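Remarks on the structure that follows.
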Amino acid sequence: MTERPSHGAPTWFVRGKSTFVTLWEHGHHDNEFPHLWCAAPAGVQGELTAEAPERFFRPPYVGHRGWLGVRLDGTVDWAEIAELCEDAYRTVAPATLVKRLDA
């Protein structure tokens, strides 16, 4: 895992190539609040945005691929954020790297 700016925002990559989380500290486009964009397993975006639309949303550009927008304003459950970021890594990483996490 590596971190570097991408499009002016801190972004995390698998093997320095594939993005799995981006932090928009000051918001991005119409979402003018701090938030993350996270890769998400199939079906998670729809489930979480329906369950808690005040916390989760479909982000622009990557939302059509199932990515999840996560609001960071208000009360934040950091354990949940850690879990979402780990799920994002597992969604993007090759199976060989995911297998190492499970070992």
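Nothing here was measured: the structure is a model prediction, and the numbers come from that model. Heavy-atom basis, side chains included; hydrogens, waters and symmetry copies ignored.
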Report task. State, to 0.1 Å, how close G63 and R58 come at their nearest heavy-atom pair, and which atoms those are. Result -> C-NE, 3.5 Å
Query raised in the report: How about H28 and W37: are their ring centres within less than 6.0 Å of each other?
Result: yes
Query raised in the report: Does any N or O in the side chain of N31 come within less than 3.5 Å of the main-chain N or O of F33, such that one atom is a donor and the other an acceptor?
Result: no
Report task. Give every residue pair that meets the side chain to side chain donor-acceptor pair (under 3.5 Å) criterion with at least one member in residues 91-103, sequence neighbours excluded. Result -> R90-D102
Query raised in the report: Do E25 and L72 have side chains that get closer than 4.5 Å, going by heavy atoms?
Result: no
**Report entry** Pair F56-Q45, side-chain contact (heavy atoms from CB on, under 4.5 Å): steps then yes or no
**Finding:** CA-CA 8 Å; F56 302 106; Q45 179 199 82; over 6 Å; no
Query - Over all atoms of both residues, closest heavy-atom pair of G66 and A40 - result: O-CB, 3.5 Å
**Report entry** Option passing side-chain contact (heavy atoms from CB on, under 4.5 Å) with T11 (candidates T22, V21, T2)
**Finding:** T22
**Report entry** Check: F13 and E3 side chains under 4.5 Å, non-hydrogen atoms
**Finding:** no
Query raised in the report: Looking at NE2 of H35 and CG of L23, how far apart are the two atoms once the value is rounded to the nearest 0.5 Å?
Result: 8.5 Å
Query raised in the report: Is it true that atom CD of E80 has more than 12 heavy atoms of other residues, nucleotides or ligands lying nearer than 6.0 Å?
Result: yes
Requested in this report: Check whether F20 and F57 end up in the same hydrophobic cluster, where Ile, Leu, Val, Met, Phe, Trp and Tyr are linked by side-chain heavy atoms less than 4.5 Å apart.
Outcome: no
Requested in this report: May I have the step-by-step check of ring pair (Phe, Tyr, Trp, His ring centres under 6.0 Å) for Y61 and H7, ending in yes or no?
Outcome: CA-CA 13 Å; Y61 308 112; H7 300 88; 8.3 Å; no
Report task. List the steps, then state whether side-chain contact (heavy atoms from CB on, under 4.5 Å) holds for L36 with R71. Result -> CA-CA 7 Å; L36 296 174; R71 293 185 72 124; over 6 Å; no
Query - Flag side-chain contact, heavy atom, 4.5 Å: V70 against C38 - result: yes
Query - Joint hydrophobic cluster, I81 plus W67, side-chain heavy atoms closer than 4.5 Å - result: no
Query raised in the report: Does the side chain of R15 come within less than 4.5 Å of P94's, by heavy atoms?
Result: yes
Query raised in the report: V76 and L48: same hydrophobic cluster, using ILVMFWY side-chain contacts below 4.5 Å?
Result: yes
Query raised in the report: Can you check whether T49's main-chain N or O pairs, donor with acceptor, with R55's side chain at less than 3.5 Å?
Result: no
**Report entry** M1 reachable from L97 in the ILVMFWY side-chain graph, under 4.5 Å edges
**Finding:** yes
**Report entry** Shared hydrophobic cluster for L68 and Y89 (ILVMFWY, side-chain gaps under 4.5 Å)
**Finding:** yes
Query - Heavy-atom closest pair, residues A39 and V92 - result: CB-CG2, 3.5 Å
